[in-house]
Protein chains: 2
Amino acid sequence: MLKADRTAKILAHVTEAGSADVHALAELLGVSTATVRRDLQELHDQGLLHRTRGGAVTGTVNLELPLRHRHGKRQAEKRRIALAAERLVPEGAVVGLTGGTTTSELARVLAERGGVTIVTNAVNIAADLIVRPEIRLVVVGGIARSASYELVGPAAERMLSQYHLDVAFIGVDGLTAGEGCTTHDEMEAHTDQAFLRSASRCVVLADSSKVGLVTFAAICPLTDIHDLVTDDGLTGAQEKAVTGCGVRVLRA
Amino acid sequence: MLKADRTAKILAHVTEAGSADVHALAELLGVSTATVRRDLQELHDQGLLHRTRGGAVTGTVNLELPLRHRHGKRQAEKRRIALAAERLVPEGAVVGLTGGTTTSELARVLAERGGVTIVTNAVNIAADLIVRPEIRLVVVGGIARSASYELVGPAAERMLSQYHLDVAFIGVDGLTAGEGCTTHDEMEAHTDQAFLRSASRCVVLADSSKVGLVTFAAICPLTDIHDLVTDDGLTGAQEKAVTGCGVRVLRA
DNA sequence: CGCGCGTCGATCGAAATTGTTCGCTGTGCC
DNA sequence: GGCACAGCGAACAATTTCGATCGACGCGCG
């Protein structure tokens with residue numbers, strides 16, 4: 001039996017019955033439980049079903065997006081950056097979050113703390129947070145970009161212009177003293193600008209590998225930024241260049 | 001038995017009877033009272049029921065279950081309804097989808113077909129579809145409702161008013177000839193209205209258990225609806241009442 | 001033939017779940 | 001108030017399941 005056939009059968013079985021357990025599937029398909037587990041893992045990663053202990057349930061409402069970049073080795077650093085950034089958020093604040101792995105991590109940290117309002121254009125953050133009634137969540141609409149899980153475009157910017165954010169956290173792909181903050185996509189950059197315009201305080205989240213890089217689309221000059229939260233991989237020269245633009249640097 | 005199944009059964013039992021005691025649940029499910037207690041604790045933490053000494057009672061009058069507990073035996077019917085509804089969507093159409101399990105199923109069907117633009121206010125649908133670059137996805141922003149995974153409020157309605165939809169699919173909680181379409185939440189109903197206003201064609205998706213029910217908030221009279229897609233569980237009298245309002249009935 | 005590649009089954013330690021037992025607390029009854 | 005008792009939470013042990021790793025097998029290719 002081909003692997004593709006098997007996974008298709010598993011999926012059919014799960015969606016039909018609403019759930020299935022590992023042993024029954026193994027027997028049904030004539031393979032070992034280890035194989036079933038691997039298949040379920042794979043289907044779960046693709047968001048096609050939801051894995052539970054002992055089996056799986058229908059994935060019709062699976063909110064866990066596989067963030068492809070999430071399992072990178074910088075994960076621990078991003079978490080530390082998020083924990084440092086969280087200290088910039090006062091109780092009851094309205095917080096803006098753009099898309100990105102680091103901002104997603106910050107969203108999780110804030111969700112555990114609770115007591116804030118989060119405004120975001122990132123679908124994965126929205127999916128993460130919507131199950132938490134203890135935080136207020138506002139999602140900025142727009143056209144979906146599958147590459148970054150973000151909602152962008154004029155609608156998003158119009159909607160953002162109607163809100164006031166106490167602090168906006170921006171994830172960037174590149175950051176230099178000369179070119180300022182840059183990202184890979186122009187629409188994204190434009191929507192990020194709308195976040196900055198609506199916010200009293202602008203904070204950039206970027207691990208140290210981004211510093212010194214210039215990517216395609218410009219978001220803003222460094223002088224528009226109040227704080228940069230990063231890890232401790234910055235060289236002295238890099239830090240000096242950034243602080244020279246009036247940006248406060250926070251090391252996680 | 002999977003844990004997810006067990007908690008779903010507990011919830012079903014409690015909401016059906018209004019209350020339940022630990023021993024009865026333990027016997028019914030074939031597990032120990034300790035396990036039932038732990039499950040009840042968990043459900044209570046999620047605010048899905050109210051724990052009492054000796055058992056549990058329904059948390060609120062108008063209980064609306066989170067979607068993750070609704071994957072039930074009606075799953076197959078929802079899928080059939082979705083497949084029937086898909087035939088109403090011409091190639092290249094702009095399709096509006098509100099929240100709900102049936103509309104989510106339709107979203108999956110449309111995603112596999114591709115070639116359409118989907119406008120939705122449901123976060124779970126957005127999360128499902130954003131990984132599919134072959135369809136255009138527009139998410140309507142707004143305030144997040146964790147009970148239904150929908151984005152609602154004035155921002156959502158303003159944004160919808162700027163779009164034109166070829167066909168809008170609405171998921172409802174109740175449908176009668178007298179009261180029209182109804183749902184559990186007023187904000188949701190209001191946002192649903194915005195979908196209807198923007199659409200050339202209005203289609204309601206509802207399995208037959210919804211027909212004849214009236215819930216809290218009115219969406220629209222039946223005369224505003226062009227089609228109803230449902231399963232084959234409708235009585236003749238029910239169908240006649242619906243068609244009498246000028247609604248075409250499609251059975252999956 | 002040898003080799004790399006992907007897949008499968010088996011094994012083992014780690015983690016989660018469950019049932020049991022134990023005090024402790026709340027409730028009803030005298 | 002005191003008592004009996006059911007229900008509760010916590011701790012513990014037994015079982016199940018998971019994840020990672022290893023070796024085996026089939027297959028294509030040079």
Side-chain angles (χ1 to χ4, degrees), chain A residues 1-15 17-59 62-76 79 108 112 128 131, chain B residues 1-15 17-59 66 68-69 71:
Chain A
M1 156 144 27
L2 263 55
K3 181 178 171 183
D5 287 343
R6 203 178 53 229
T7 52
K9 276 187 187 170
I10 290 178
L11 197 53
H13 195 266
V14 171
T15 51
S19 69
D21 70 286
V22 172
H23 286 285
L25 287 172
E27 193 169 349
L28 180 73
L29 301 166
V31 295
S32 76
T33 58
T35 302
V36 172
R37 272 187 251 279
R38 271 189 284 254
D39 289 345
L40 288 179
Q41 173 71 40
E42 205 169 303
L43 291 168
H44 174 81
D45 287 345
Q46 292 174 29
L48 297 173
L49 48 73
H50 183 66
R51 188 75 164 83
T52 68
R53 197 173 184 78
V57 296
T58 260
N62 185 2
L63 291 172
E64 288 148 45
L65 277 184
L67 257 194
R68 304 185 235 293
H69 329 290
R70 206 180 158 216
H71 291 301
K73 59 178 184 215
R74 296 224 166 235
Q75 174 64 22
R79 172 112 194 136
R108 285 203 189 84
E112 281 170 29
D128 265 0
V131 294
Chain B
M1 155 125 46
L2 264 54
K3 181 179 167 158
D5 287 339
R6 203 179 52 228
T7 53
K9 277 187 186 168
I10 290 178
L11 258 181
H13 196 266
V14 171
T15 53
S19 70
D21 70 288
V22 172
H23 285 284
L25 287 172
E27 192 169 350
L28 178 73
L29 301 167
V31 296
S32 76
T33 58
T35 302
V36 172
R37 272 187 251 279
R38 275 187 280 250
D39 287 345
L40 289 178
Q41 174 69 40
E42 210 167 295
L43 292 167
H44 173 78
D45 289 344
Q46 293 175 32
L48 298 174
L49 48 74
H50 189 246
R51 188 76 165 82
T52 65
R53 196 176 175 76
V57 297
T58 57
R68 71 198 113 111
H69 291 289
H71 66 78

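Keep in mind that the numbers below use all heavy atoms, side chains included, and drop hydrogens, waters and symmetry copies. To find a chain, count down the sequence lines: A is the first, B the second, and so on, and within it residues start at 1.
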Problem - For R6(B), all residues meeting salt bridge (charged side-chain N to carboxylate O under 4.0 Å, His left out), sequence neighbours excluded - result: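 In terms of salt bridge (charged side-chain N to carboxylate O under 4.0 Å, His left out), with neighbours along the sequence ignored, R6(B) is linked to D39(B).
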Return the value, rounded to whole Å, for the distance between atom [atom1] of [X] and atom [atom2] of [N].
{"X": "L2(B)", "N": "dT18(C)", "atom1": "CG", "atom2": "P", "value": "10 Å"}
{"X": "I10(A)", "N": "dC8(C)", "atom1": "CD1", "atom2": "C1'", "value": "13 Å"}
{"X": "D39(A)", "N": "dG9(C)", "atom1": "CG", "atom2": "P", "value": "10 Å"}
{"X": "L40(B)", "N": "dG9(D)", "atom1": "CG", "atom2": "C1'", "value": "14 Å"}
{"X": "D21(A)", "N": "dT17(D)", "atom1": "CG", "atom2": "P", "value": "8 Å"}
{"X": "K3(B)", "N": "dT15(D)", "atom1": "NZ", "atom2": "C1'", "value": "16 Å"}
{"X": "E42(B)", "N": "dG9(D)", "atom1": "CD", "atom2": "P", "value": "14 Å"}

Looking only at the side chain of [X] (C-beta and beyond, no hydrogens), which of the listed nucleotides [options] gets closest?
{"X": "R51(B)", "options": "dC8(D), dT20(C), dG9(C)", "result": "dC8(D)"}
{"X": "H23(A)", "options": "dC8(D), dT17(D), dG19(C)", "result": "dT17(D)"}
{"X": "R6(B)", "options": "dT18(C), dG9(C), dG19(C)", "result": "dT18(C)"}

Practice task
Quick one: which residue pairs count as a side chain to side chain donor-acceptor pair (under 3.5 Å) with a foot in residues 18-29 of chain B, not counting sequence neighbours?
Solution key: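 Those involving residues 18-29 of chain B do not exist here.
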Practice task
Please tell me which of G54(A) and Q41(B) maps to the more 5' nucleotide of DNA chain D, matching each residue to the nucleotide holding its nearest heavy atom.
Solution key: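 The residue mapped nearer the 5' terminus is Q41(B).
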Handout entry: Verdict with supporting geometry, R37(B) and V22(B), side-chain contact (heavy atoms from CB on, under 4.5 Å)
Key = CA-CA 7 Å; R37(B) 272 187 251 279; V22(B) 172; 4.0 Å; yes
Handout entry: Residue-phosphate contact under 4.0 Å: T35(A) side-chain N/O, dG9(C) OP1/OP2
Key =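 Yes, such a contact exists.
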Exercise for the section: Taking the side chain as every heavy atom from C-beta outward, state whether I10(B) and H13(B) have any pair of such atoms under 4.5 Å apart. Expected result: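 Heavy-atom side-chain distance check fails, nothing below 4.5 Å.
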Practice task
Write down the atom of A56(A), the atom of V14(A), and the distance for their closest heavy-atom approach.
Solution key: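 Scanning both residues, the minimum pair turns out to be O-CG1, 4.4 Å.
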Practice task
Classify the side chain of R38(B) and the base of dG19(C) as holding, or not holding, a donor-acceptor pair under 3.5 Å.
Solution key: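 Side chain to base: pair found, below 3.5 Å.
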Fill in the blank from the handout: Quick tally for nucleotides 21-30 of chain C: nucleotides whose base has a protein heavy atom under 4.0 Å get B, sugar-phosphate-only ones S, the rest -, giving ----B-S---
